[in-house]
Chemist: 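I'd like to ask you about the structure that follows.
Here is the naming used below: chain letters follow the sequence lines, and residue numbers restart at 1 for every chain.
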Protein chains: 2
Amino acid sequence: MGIEERKQREKEQMRRLILDAARAIFLEKGYYQASIRTIADKIEYSPGTIYLYFKEKDEIFLALHNEAFGQLFELMAPLRMVEDPFERLIAMGRIYIDFALKNKDLYDLMFIMQAPMNMLDDACHWTEGDRVFDYLVDTVRQCQAGGRMQGHDPSTLSFSIWSAMHGMCALYCRDRMMVVAHVSDEFSSESELLEGAFRCYIDMLRKL
Amino acid sequence: MGIEERKQREKEQMRRLILDAARAIFLEKGYYQASIRTIADKIEYSPGTIYLYFKEKDEIFLALHNEAFGQLFELMAPLRMVEDPFERLIAMGRIYIDFALKNKDLYDLMFIMQAPMNMLDDACHWTEGDRVFDYLVDTVRQCQAGGRMQGHDPSTLSFSIWSAMHGMCALYCRDRMMVVAHVSDEFSSESELLEGAFRCYIDMLRKL
DNA sequence: CAAATAAATGAACAGTGTTCAGTAAATCCA
DNA sequence: TGGATTTACTGAACACTGTTCATTTATTTG
């Protein structure tokens, strides 16, 4: 009898229901407004019920964090079509920054917030992060095999590249870009500055 | 009569008392543990009193944020001694990263946390940030005057450089460095990776 | 010394994450 | 089908949060 299977399915549906509500509130009003009670209200269950599906609030946000990585992976999938590794590296950076620009809060959740990290610092193994980073290291290695960016440890260089990309995105997410004179918090000028800084960096990589 | 002056002085002393307690708790147990009540407990006043000296919690943390910038400025003062602008640029980066490494939570407060920014997004003028950034732009301009890093808008290039530095520090502060294989959250290996990535970046700047 | 001003209090409000005894529904077994 | 058992859900309660404000205490002024 498929009773066990149906229960499993219902459990999964309930998790989905909670996650969808949590994501909606999170994206609309931010992490702190996305309280257990507001999530419970939205799905018309009592607060206690949520704890039957998630051990704690941050576990919900780890799940959302993982989903968001899924989105980013999908956006990066077309990179396989780019044959030249250096061109692929550039395209990868562009996709990364573009994702941050268009999904500020998801980017924040993935790479800035402490919440999801608190959930996995026991095992100390950040699977989603590893996956993106490994792909980056691979690409960097291929660039080096093609004669570019010689004389640097690929992991270290990859981290350096990632840092440069993340730095821009993090300053954007956390509203630190207004120090640059011609940017006064307007989206278009912010994204222009990011584009400009990205071009600077690519120019550096090209000459390395 | 100096009664007004004494009152002013006492008011200032009380602010100091609150800020010192807040900083101590913040550095020991983090932002959320540094609640109004724990601060009030530490200085042996009632919670309500704190609101006679600060409009809201984040105003306390803006003050701490400003103090922290004071610290960073002091560390950067010796840069005036470095004559060659490019050497100065490198030294500046080193001081910046070193500050983040040794003052994780202060760096976080200065460049990552939303708290202090919430206090000034009306005026939209981040004085402390401007000051560091302007100094950076100046240095970059001097480098360009000396023939280095030609063909880039100094502001944009400066932002790009700052981003690269901030990226490393932010990934460090928010525990995203464990994706790099030979780093397993140990301080020494983290700081070694930061040093390595910094050297990579300097190498890039040199060739630009 | 009394009146007026200033400073400090702590209870109260509305919110938070989380727990858990109690209730309601679904399932199992005779 | 009917009663026992397991599962799902509830919502009050706990200990906390930032913030406000009537009340009390202390200081200064006339």
Side-chain angles (χ1 to χ4, degrees), chain A residues 1-19 21-23 25-26 28-65 109 113-119, chain B residues 1-19 21-23 25-26 28-65 109 113-119:
Chain A
M1 53 182 73
I3 230 167
E4 211 48 54
E5 285 86 335
R6 199 209 62 211
K7 289 225 166 156
Q8 196 59 37
R9 214 165 51 228
E10 282 177 353
K11 190 127 194 154
E12 193 42 52
Q13 275 171 20
M14 189 65 172
R15 271 182 70 98
R16 280 253 58 77
L17 193 66
I18 294 169
L19 287 179
R23 193 187 329 92
I25 299 169
F26 168 69
E28 202 189 334
K29 307 187 178 179
Y31 180 78
Y32 293 103
Q33 299 307 311
S35 73
I36 298 295
R37 277 175 186 79
T38 57
I39 297 169
D41 273 11
K42 194 177 178 81
I43 62 174
E44 297 179 293
Y45 278 83
S46 89
T49 304
I50 290 178
Y51 285 89
L52 300 172
Y53 298 86
F54 294 93
K55 211 175 86 277
E56 46 185 294
K57 185 185 177 183
D58 284 355
E59 202 174 286
I60 299 175
F61 284 87
L62 174 61
L64 293 181
H65 153 282
L109 182 60
M113 286 190 180
Q114 215 67 265
M117 290 298 129
N118 293 339
M119 289 290 86
Chain B
M1 57 180 71
I3 227 167
E4 213 47 56
E5 285 87 335
R6 200 211 59 211
K7 290 225 166 157
Q8 196 60 38
R9 215 165 50 229
E10 282 177 352
K11 191 130 194 151
E12 193 41 51
Q13 274 171 21
M14 190 65 171
R15 271 182 70 98
R16 280 253 58 77
L17 194 64
I18 294 169
L19 287 179
R23 194 188 327 94
I25 298 169
F26 168 70
E28 203 189 335
K29 308 187 177 179
Y31 180 78
Y32 292 103
Q33 298 307 311
S35 72
I36 298 295
R37 279 173 183 82
T38 57
I39 296 168
D41 274 10
K42 195 177 178 79
I43 62 174
E44 297 179 293
Y45 277 82
S46 89
T49 305
I50 290 178
Y51 286 87
L52 301 173
Y53 297 87
F54 293 94
K55 209 175 88 278
E56 46 184 295
K57 185 185 176 182
D58 284 354
E59 202 174 286
I60 299 175
F61 285 87
L62 175 60
L64 293 180
H65 153 283
L109 181 60
M113 285 190 181
Q114 215 68 265
M117 290 299 127
N118 293 339
M119 289 291 85

Chemist: Taking atom P of D:dG18 as reference, at what distance in whole Å does atom CG of B:N118 sit?
Modeler: 15 Å
Chemist: Students often get this wrong, so: under 4.0 angstrom with heavy atoms, is B:Y32 touching a base, only sugar-phosphate, or nothing?
Modeler: nothing
Chemist: In whole Å, what is the span from the CE atom of B:M14 to the P atom of D:dA26?
Modeler: 15 Å
Chemist: Name every residue in residues 33-43 of chain A that has at least one heavy atom under 4.0 Å from any atom of DNA chain C, in order of residue number, or write none if there are no such residues.
Modeler: A:S35, A:I36, A:R37
Chemist: Under the side-chain contact (heavy atoms from CB on, under 4.5 Å) criterion, do A:K57 and A:F61 qualify, and how do the steps go?
Modeler: CA-CA 7 Å; A:K57 185 185 177 183; A:F61 284 87; 3.7 Å; yes
Chemist: Over how many whole Å does the gap from A:I25 atom CD1 to C:dG15 atom P extend?
Modeler: 15 Å
Chemist: So do A:E56 and A:M119 actually touch side chain to side chain, heavy atoms under 4.5 Å?
Modeler: yes
Chemist: Can you find a pair of side-chain heavy atoms, one from A:I60 and one from A:I36, that are under 4.5 Å apart?
Modeler: yes
Chemist: Which distance, rounded to the nearest 0.5 Å, do you find between the NZ of B:K42 and the CG of B:L17?
Modeler: 10.5 Å
Chemist: Tell me which residues in residues 47-59 of chain A lie within less than 4.0 Å of DNA chain D, going by non-hydrogen atoms.
Modeler: A:G48, A:T49, A:L52, A:Y53
Chemist: How long is the line joining CD1 of A:I18 and C1' of D:dA8, in whole Å?
Modeler: 12 Å
Chemist: Who are the side chain to side chain donor-acceptor pair (under 3.5 Å) partners of B:Y31, not counting sequence neighbours?
Modeler: B:D58
Chemist: What residues form a side chain to side chain donor-acceptor pair (under 3.5 Å) with B:E10, not counting sequence neighbours?
Modeler: B:R6
Chemist: Distances under 3.5 Å only, N/O to N/O: pair up the protein atoms with those of nucleotides 24-27 of chain C.
Modeler:
residue, atom, partner, partner atom, Å
C:dT27, OP1, A:R6, NH1, 2.8
C:dT27, OP1, A:R6, NH2, 2.4

Chemist: Rounded to the nearest angstrom, tell me the gap between atom CZ in A:F26 and atom P in C:dT16.
Modeler: 16 Å
Chemist: What distance do A:Q13 atom CD and A:R9 atom CZ have between them, rounded to the nearest 0.5 Å?
Modeler: 7.0 Å
Chemist: Once rounded to the nearest 0.5 Å, what's the spacing between atom CG of A:L64 and atom CE of A:M113?
Modeler: 10.0 Å
Chemist: Any ring-ring contact (aromatic ring centres under 6.0 Å, His included) involving residues 37-59 of chain A? Give me the pairs, sequence neighbours left out, ordered by first then second residue.
Modeler: none
Chemist: State the CZ-CD1 distance between B:F26 and B:I39, to the nearest 0.5 angstrom.
Modeler: 11.0 Å
Chemist: Quick one: CG on A:L19 to CE on A:M14, what's the gap to the nearest 0.5 Å?
Modeler: 11.0 Å
Chemist: Starting at atom CD of B:E44, determine the distance to atom P of C:dT9, rounded to an integer number of angstrom.
Modeler: 10 Å
